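Here is the structure we will look at.
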Amino acid sequence: MATVHVLDHPLIAHKLAIMRHRDTGVKEFRELVGEIAALMCFEATRDLPTQEVEVPTPITTARCRMLAGKKLAIVPILRAGLGMVDTMVGLIPSAKIGHIGLYRDPQTHEPVEYYCKLPEDIDQRQVFVVDPMLATGGSAVAAIDFLKRRGCKQIVMMNIIGCPEGVAAVQKAHPDVEIYLAALDERLNEHAYIVPGLGDAGDRIFGTK
Ligand code: PRP
Ligand code: URA
């Protein structure tokens with residue numbers, strides 16, 4: 001069973017507390033999504049392979065480490081996952097970006113696919129799937145299913161808030177996929193929203209409600 005990493009860090013906890021507040025406005029919410037994504041990216045990329053290189057400094061030659069040419073891709077689940085992309089690409093400028101469009105049917109809560117565009121060589125890349133919310137896990141499982149059908153072998157899931165139901169769904173369907181969360185909340189409510197959660201992440205990022 002793949003590990004669930006719940007990132008226990010004062011900066012993440014502080015930013016998440018502001019994000020959760022019902023009075024936090026769109027601008028601040030969007031900024032916080034990006035900032036937390038960057039902090040999570042720092043941890044989720046900890047095991048990337050590096051290689052030793054020699055760098056001429058103004059003083060002498062330094063033995064340094066650089067990324068060992070591993071190809072990466074960031075795949076946001078639309079819409080809300082888009083909020084996590086910019087700051088992550090800022091940290092990993094060579095990453096390619098794919099998009100998977102899914103929305104939850106309001107009645108069944110099942111994911112409905114409406115868009116997919118991935119880098120041609122996605123099967124050669126380590127993929128970071130990003131979405132602020134892991135609720136029933138339906139969207140995450142569908143996105144990972146899709147990536148595996150396209151030949152992806154190394155997939156990491158990054159969500160800002162998860163819950164036990166969503167974690168269990170991903171672990172059952174995809175036991176090889178590591179999950180990174182900024183917080184593991186209590187449960188889902190009767191509308192399949194995360195409790196205590198932060199409400200509808202997409203609406204709060206894009207100001208649609
Ligand atoms: C939200 C969220 C996830 C999904 C999580 O998206 O961003 O993609 O719900 O729920 P699940 O784990 O039960 O599948 P939503 O469907 O509201 O679409 P949006 O991003 O377009 O608002
Ligand atoms: N999607 C959201 O945006 N929030 C939830 O709590 C659950 C699904």
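Throughout, numbering of the chain's residues begins at 1 and tracks the sequence. Remember, it's 1-based here, ligands and their atoms both numbered in the order they're listed. Given the structure is predicted, the values throughout are model-derived calculations rather than measurements.
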(request) Specify whether Y180 and H5 have parallel, tilted or perpendicular ring planes, treating 30° as the upper limit for parallel and 60° as the lower limit for perpendicular. (result) parallel
(request) Kindly indicate whether atom 4 (C) of ligand 1 is approached by any protein heavy atom to under 4.0 angstrom. (result) yes
(request) Using distance alone, decide if ligand 1 has a nitrogen or oxygen within less than 3.5 Å of any nitrogen or oxygen in A135. (result) yes
(message) Membership question, hydrophobic clusters at under 4.5 Å side-chain separation (ILVMFWY): are L118 and V177 in the same one?
(response) yes
(message) For D123, is there an ion pair with R149 - N to carboxylate O distance below 4.0 angstrom?
(response) no
(request) Taking all non-hydrogen atoms of both residues into account, name the closest pair between L198 and R204 and its distance. (result) O-NH1, 3.0 Å
(message) Protein non-hydrogen atoms only, distance under 4.0 Å: does atom 8 (O) of ligand 1 have such a neighbour?
(response) yes
(request) Mind listing the closest non-hydrogen atom pair of A38 and L91 along with its distance? (result) O-CD1, 3.6 Å
(message) Looking at R150 and D145, is any side-chain nitrogen of the basic one under 4.0 Å from a carboxylate oxygen of the acidic one?
(response) no
(request) Return the residue, atom name and 0.1 Å-rounded distance of the protein heavy atom closest to atom 17 (O) of ligand 1. (result) D200 OD2, 4.0 Å
(request) Search all heavy atoms of M84 against all heavy atoms of M158 and return the closest pair with its distance. (result) CE-O, 3.9 Å
(request) Quick one: look up the protein heavy atom nearest atom 21 (O) of ligand 1 and list residue, atom name and how far away it is. (result) R79 NE, 3.0 Å
(request) Decide whether the shortest distance between a heavy atom of H109 and an atom of ligand 1 is less than 4.0 Å. (result) no
(message) Which residue and atom name correspond to the protein heavy atom nearest atom 10 (O) of ligand 1, and how close is it?
(response) R104 CD, 3.1 Å
(message) Salt bridge check, R125 against D121: does any charged N sit closer than 4.0 Å to a carboxylate O?
(response) yes
(request) Give the residue and atom name of whichever protein heavy atom lies nearest to atom 2 (C) of ligand 1, and the separation in Å to one decimal. (result) D131 OD1, 3.4 Å
(request) Following the transitive rule for hydrophobic clusters with a side-chain heavy-atom cut-off under 4.5 Å over Ile, Leu, Val, Met, Phe, Trp and Tyr, establish whether F206 and V33 coincide in one cluster. (result) yes
(request) Compute the shortest N/O to N/O distance between A80 and ligand 1 and return yes if it is under 3.5 Å, no if not. (result) yes
(request) Sort out for me which residue in Q154, K148, K153 forms a side chain to side chain donor-acceptor pair (under 3.5 Å) with D176. (result) K148
(message) Quick test of your reading of the model: are E110 and R104 salt-bridged, counting only N-O distances below 4.0 Å?
(response) no
(request) Enumerate the atoms of ligand 1 whose separation from the nearest heavy atom of Y103 is less than 4.0 angstrom. (result) 16 (O)
(message) Yes or no: does G137 have any heavy atom under 4.0 Å from an atom of ligand 1?
(response) yes
List, for ligand 2, each N/O atom that has a protein N/O partner under 3.5 Å away, with both atom names and the distance.
from	atom 1	to	atom 2	distance (Å)
ligand 2	3 (O)	A201	N	2.8
ligand 2	4 (N)	G199	O	2.8
ligand 2	6 (O)	I194	N	2.8

(request) State, with a plain yes or no, whether a side-chain heavy atom of C163 is found less than 4.5 Å away from one of T136. (result) no
(message) Heavy atoms only, cut-off 4.0 Å: how does S139 contact ligand 1, side chain, backbone, both, or neither?
(response) both
(request) Give the single entry among L102, T136, T208 that approaches atom 11 (P) of ligand 1 most closely by any heavy atom. (result) T136
